[in-house]
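Predicted, not measured: the structure shown is a model, and the values here were computed from it. One is the number of the first residue; the rest follow in order along the sequence.
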Amino acid sequence: MNWERKKHFICSTTSGDGGYYRPASRADIQHFLDGQEQLIKRHAVSMRLARRLMRR
């Protein structure tokens, strides 16, 4: 998969059947970006909580 990522932009999804795909349009890329940003936000919340617990 790494060689493919170096050659082409590869998206991934966990919804539906999940998996990797090459986007067919700009809308596909935007959908991927939106999903990744939501994932980052969820991880940030979890990390803040974990850091708060570690300071105790």
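- Rounded to the nearest 0.5 Å, atoms CG (Leu33) and CD1 (Ile40) are 9.5 Å apart.
- With sequence neighbours excluded, no residue forms a side chain to side chain donor-acceptor pair (under 3.5 Å) with Gln36.
- For the side-chain contact (heavy atoms from CB on, under 4.5 Å) test, residues two or more places apart in sequence or in another chain that qualify with Gln38 are Lys41, Arg42.
- When the side-chain contact (heavy atoms from CB on, under 4.5 Å) test is applied to Ser46, no partner is found at least two apart in sequence or on another chain.
- Among pairs with a residue in residues 32-56, those fulfilling ring-ring contact (aromatic ring centres under 6.0 Å, His included) read Phe9-Phe32, at least two apart in sequence or across chains.
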Identify each donor-acceptor pair in which a side-chain atom of residues 49-56 lies under 3.5 Å from a protein atom, sequence neighbours left out, and give them as a table.
none

